[in-house]
Amino acid sequence: MAPEDSTDDLIDGLVRSAFQVMGVLTRVGAEHDLSLTQLRVLGILRDRRPRMSDLAAFLGLDKSTLSGLIARAERRGLLTRGTSPEDKRAVVVLITDEGRDLTQRLYEEAREALAPATGRLDPEQREQLARLLEPLLSPPLAATPRPERPVPGTP
C-alpha cells in the first residue's frame, strides 16, 4: 500500500467517524435545545476559563456571534461572564454549576449513544485508539478559514 493510500484511508476514517459523532452530538444537543456550537462551548468550558476573544478564535466565530451565543446561555443559567484575574479589561467566560451539571448529563447521553460503536472494541483497543488520537487532537487545529482558492478557468 502506497503512503498516500494509507493517508487517504485515515482521512476517510476520520471524516466518517466525525460525521457519526457529530450526528450523535447534534441529536443529544437538540434534545436539550442546544446547537452543536453551544455543545462545543460547554465542552470547552468544563476545564477552562478562556477570554471571550480566545474562545471566539478557537471556535472560528466573530466576537458578536459568540457574544450572542454566550448571552443566550447566560439567560439559561449555564454560563456567566467575569473579568480575567490577569487583565481586568479582559472578559472571561465561566461555566455555572447548572451548566456543569448539564454538561455532565450531555456527556453521559453521548457516551450511551456512542456505546454501540465503542463497544465493538475491547478495552485494550479503546485505550490504543485514545492514545493514537491524542497527537491528532493536541494542539487543536486552527479554526480560521483557509485562504480562497482560485476557481479553475477564472483569471
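Worth saying up front: this structure is predicted, and the values here are computed from it rather than measured.
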Original post:
CZ of R81: more than 12 outside heavy atoms within 6.0 angstrom?
Top reply: yes
Original post:
Crowded around D122 CG? As in, over 12 foreign heavy atoms under 6.0 Å?
Top reply: yes
Subject >> Closest contact, heavy atoms only, L132 versus P135 >> reply: O-CD, 3.3 Å
Original post:
Counting N and O atoms only, with roles assigned by atom type, does the side chain of R72 sit under 3.5 Å from a partner on the main chain of G68, one being a donor and the other an acceptor?
Top reply: yes
Original post:
Are there more than 12 heavy atoms of other residues, nucleotides or ligands under 6.0 Å from atom CZ of R126?
Top reply: yes
Subject >> Side chain to side chain, V15 and F19, heavy atoms closer than 4.5 Å >> reply: yes
Original post:
Does atom CD of E124 have more than 12 heavy-atom neighbours, drawn from other residues, nucleotides or ligands, at distances under 6.0 Å?
Top reply: no
**OP:** Using atom types as modelled and distance alone, determine if a side-chain donor or acceptor of R16 lies under 3.5 Å from a backbone N or O of D12.
**Re:** no
Original post:
Do K63 and M52 have side chains that get closer than 4.5 Å, going by heavy atoms?
Top reply: no
Original post:
How about E112: does its CD atom have over 12 heavy atoms from other parts shown lying under 6.0 Å from it?
Top reply: no
**OP:** May I ask whether V21 and L106 are part of the same hydrophobic cluster, defined by side-chain heavy atoms of I, L, V, M, F, W, Y residues being less than 4.5 angstrom apart, directly or through others?
**Re:** yes
Subject >> Salt bridge flag under 4.0 Å for residues E109 and R105 >> reply: no
Original post:
Do S53 and V91 touch side chain to side chain, with heavy atoms closer than 4.5 Å?
Top reply: no
